[in-house]
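First comes the structure, then the notes that go with it.
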2 protein chains.
Amino acid sequence: MDETEKLQTHRRGSGVSTVYETLRNEIIELKLPPGSPIDEQQLSDRFALSRTPIREALVRLAAEGLITTLTNRATIVSNIDFLGLPEFFDALTLMYRVTTRLAAANHAEGDIAAIRVEQKAFEAAVAERDVLGMISTNRDFHIAIARAGRNRYYVELFTRLLDEGRRILRLYYSSFNDILPRQYVGEHEEMIQAIIHRDVVLADSLASAHADQIVRQIRSYITADSRHNAGLVL
Amino acid sequence: MDETEKLQTHRRGSGVSTVYETLRNEIIELKLPPGSPIDEQQLSDRFALSRTPIREALVRLAAEGLITTLTNRATIVSNIDFLGLPEFFDALTLMYRVTTRLAAANHAEGDIAAIRVEQKAFEAAVAERDVLGMISTNRDFHIAIARAGRNRYYVELFTRLLDEGRRILRLYYSSFNDILPRQYVGEHEEMIQAIIHRDVVLADSLASAHADQIVRQIRSYITADSRHNAGLVL
DNA sequence: TGCCGACTTCTTGTCGACAAGAAAAATACA
DNA sequence: TGTATTTTTCTTGTCGACAAGAAGTCGGCA
């Protein structure tokens with residue numbers, strides 16, 4: 001790998017966020033798969049920075065749970081906790097509901113436009129059968145809704161959950177079928193309408209159904225995969 | 001102030017968490033009031049550590065939102081965002097409900113005992129009219145319930161919210177009256193019973209009422225205080 | 001006297017080097 | 001030849017020093 005981003009001398013303080021965001025993306029997109037060792041020296045070379053700012057970025061990632069540091073030993077990309085999946089689904093569903101609800105109640109001028117932009121992007125990804133694009137534009141769509149709900153606590157937790165979901169989905173995206181994404185486009189449209197009409201109850205139930213749908217989908221991928229593995233082992 | 005904790009030479013890696021936890025407590029207990037400047041050099045002297053581990057602790061605190069760093073200029077203890085209070089109350093109420101609900105559904109062997117321990121501590125604080133003690137034992141009580149609910153995402157968010165609440169309450173605790181805390185003891189007991197009997201619906205409604213009660217209480221403190229200020233200004 | 005600009009100072013951001021701890025490798029011994 | 005122990009090596013953790021950026025200070029000029 002000869003990807004040196006030691007282009008120009010970074011302005012003071014900018015390097016840290018660059019490293020943070022770059023690594024964050026690479027972790028979420030599984031470019032750095034779970035369990036990958038993170039070597040500070042190596043990153044230091046790659047970004048043409050001292051180990052100190054690298055370390056700062058790593059501390060931030062560790063605070064978010066994206067990397068795990070074995071003290072005095074090694075730091076690795078955090079594993080996906082399949083045992084904790086039920087908790088994950090529960091929290092994800094709740095956030096889907098509560099953010100959509102709040103968006104219906106609190107959205108202001110311009111929020112709808114922002115949501116529509118993301119929805120268009122999602123539609124485009126679906127039209128192009130760009131599965132990776134669907135995953136990330138779907139995330140952006142729901143975060144836009146969360147923002148319209150005007151609650152930073154929910155936005156923050158939801159973002160974390162959706163990004164964790166992106167990691168999981170990347171593991172299984174090959175088995176994406178064609179019908180579901182189109183259905184999601186329709187469901188998204190319904191949610192937008194409910195939000196526009198400030199119909200909190202409808203928004204809630206749509207979000208709830210949407211969340212269940214997605215959870216069921218992920219679950220089916222995982223069980224299908226484990227069955228596949230089981231078949232190989234036996 | 002002559003509080004040098006440069007006692008013995010720390011073991012490698014332990015210093016960072018010490019600094020982190022110490023500062024965290026001091027911020028939450030308003031020993032470091034909002035807006036206080038955080039000087040790295042000063043902390044370096046105080047803990048007898050280099051600036052590097054101090055910095056790491058500060059990065060962690062910043063990730064949690066407890067301190068704010070003005071780039072290249074200064075880092076201060078984050079202000080309490082009174083404008084964002086409605087969001088805060090909304091999220092707090094939701095977490096009260098959802099954690100109590102889940103505790104009723106998922107609690108296992110030993111969880112009740114752990115909750116009872118915290119409840120006893122709360123009762124003791126109430127009996128001693130130790131207001132600061134009530135605030136922190138109340139937090140511990142609800143976190144124990146959240147843990148029994150077995151969802152780390154909720155535990156984490158709830159912890160953050162309750163600690164943020166501790167900061168707010170510290171600002172107003174002088175106006176604590178005597179009746180409310182005793183009422184809380186009773187409400188806590190009811191919640192424990194509902195959890196034991198795995199009555200999810202009852203647990204939810206009790207938590208909901210409890211949350212409303214607390215939110216109302218905080219609100220009344222704040223409005224009382226702002227009225228006081230308004231009186232002075234006019 | 002009031003305002004603009006250079007200078008000083010103070011705090012944060014970055015660096016290169018060293019120390020400690022743990023795994024891996026090498027060695028000694030049974 | 002297998003195991004225990006020492007040594008090596010590699011990575012993280014810590015340090016002291018330097019650089020950059022911004023606020024405050026001082027002096028000059030209208």
Side-chain angles (χ1 to χ4, degrees), chain A residues 1 4-23 27 32 34-79, chain B residues 1 4-23 26-27 32-79:
Chain A
M1 261 190 263
T4 39
E5 28 244 273
K6 39 176 108 169
L7 302 162
Q8 76 290 329
T9 168
H10 310 276
R11 352 180 218 308
R12 190 182 174 79
S14 82
V16 188
S17 1
T18 309
V19 175
Y20 169 77
E21 280 158 27
T22 306
L23 289 181
I27 292 170
L32 291 173
S36 306
I38 305 268
D39 189 75
E40 294 177 5
Q41 193 89 312
Q42 194 176 311
L43 292 173
S44 176
D45 296 344
R46 174 174 165 198
F47 291 96
L49 283 169
S50 155
R51 269 181 55 224
T52 312
I54 302 286
R55 213 134 202 297
E56 187 169 324
L58 294 184
V59 170
R60 282 215 254 165
L61 290 168
E64 248 182 293
L66 287 172
I67 65 176
T68 307
T69 60
L70 293 316
T71 339
N72 271 327
R73 221 167 317 165
T75 86
I76 55 168
V77 177
S78 295
N79 284 65
Chain B
M1 257 192 261
T4 38
E5 27 245 270
K6 39 176 107 171
L7 303 162
Q8 75 288 331
T9 168
H10 310 275
R11 349 180 219 309
R12 190 182 175 79
S14 81
V16 189
S17 3
T18 310
V19 175
Y20 169 76
E21 279 158 28
T22 306
L23 289 182
E26 292 181 357
I27 291 171
L32 292 173
S36 305
I38 306 269
D39 188 76
E40 294 178 4
Q41 193 90 312
Q42 194 177 311
L43 291 172
S44 176
D45 296 344
R46 175 173 163 199
F47 291 97
L49 284 168
S50 156
R51 269 180 56 223
T52 312
I54 302 286
R55 212 134 203 298
E56 186 169 325
L58 294 185
V59 169
R60 282 215 255 165
L61 290 168
E64 249 183 292
L66 288 170
I67 66 176
T68 307
T69 60
L70 294 315
T71 338
N72 271 328
R73 221 169 316 165
T75 85
I76 57 169
V77 176
S78 295
N79 285 64

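Just so it is clear: chains get the letters A, B, ... in the order the sequence lines come, proteins before strands, and each one is counted from 1. Just so you know, these numbers use all the heavy atoms, side chains as well, and skip hydrogens, waters and symmetry mates. Just so you know, these numbers come straight off a predicted model, no measurement behind them.
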What is the distance, to the nearest angstrom, from the [atom1] atom on [X] to the [atom2] atom on [N]?
X        : N       : atom1 : atom2 : answer
Arg51(A) : dC15(D) : CZ    : P     : 14 Å
Glu56(B) : dT14(C) : CD    : P     : 15 Å
Ile54(A) : dT11(D) : CD1   : P     : 15 Å
Phe47(A) : dC15(C) : CZ    : P     : 13 Å

Dump the pairs, protein N or O against N or O of nucleotides 19-21 of chain C, anything under 3.5 Å, distances to one decimal.
{"from": "dA20(C)", "atom 1": "O4'", "to": "Arg12(B)", "atom 2": "NH1", "distance (Å)": "3.1"}

Which of these nucleotides, [options], is closest to any side-chain atom of [X]?
X        : options                   : answer
Arg73(A) : dA22(C), dA23(D), dC15(D) : dA22(C)
Thr52(B) : dA22(D), dG16(D), dT12(D) : dG16(D)
Val16(B) : dT14(D), dT12(D), dC15(C) : dT14(D)

Checking side chain to side chain contact (heavy atoms under 4.5 Å, CB included) against Ile76(B), which of Ile67(B), Leu70(B), Thr69(B), Leu32(B) comes through?
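The option that passes is Leu70(B).
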Sugar-phosphate, base or nothing in reach of Leu70(A), heavy atoms under 4.0 Å
nothing
Close approaches to DNA chain D from residues 34-43 of chain A, in residue order (heavy atom, under 4.0 Å)
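Contacts with DNA chain D under 4.0 Å: Ile38(A), Asp39(A), Glu40(A).
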Under the criterion side-chain contact (heavy atoms from CB on, under 4.5 Å), I'd like the reasoning laid out for Leu23(A) against Leu66(A): C-alpha separation, chi angles, the key distance, then a yes or no.
CA-CA 10 Å; Leu23(A) 289 181; Leu66(A) 287 172; over 6 Å; no
Taking only residues two or more places apart in sequence, or in another chain, which ones meet Glu40(A) in a salt bridge (Lys or Arg N to Asp or Glu O under 4.0 Å)?
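Checked Glu40(A) against salt bridge (Lys or Arg N to Asp or Glu O under 4.0 Å); matches are Arg51(A), Arg55(A).
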Taking all atoms of both residues into account, what is the closest heavy-atom pair of Ala63(B) and Ala63(A), and its distance?
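Shortest heavy-atom separation between Ala63(B) and Ala63(A) comes out as CB-CB, 4.1 Å.
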Please report the closest heavy-atom contact between Ser78(A) and Gly65(A), naming both atoms and the distance.
OG-O, 2.9 Å
For the pair Thr75(B) (side chain) and Thr68(B) (backbone), establish whether a donor and an acceptor sit closer than 3.5 Å, ignoring hydrogens and angles.
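Answer holds: no.
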Donor-acceptor check, side chain of Ser36(A) to backbone of Val77(A), threshold 3.5 angstrom: yes or no?
no
Are side-chain heavy atoms of Thr22(A) and Val19(A) found at a separation under 4.5 Å?
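Side-chain contact under 4.5 Å: no.
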Are Glu56(A) and Leu49(A) close enough that some pair of their side-chain heavy atoms sits under 4.5 Å apart?
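Not in contact.
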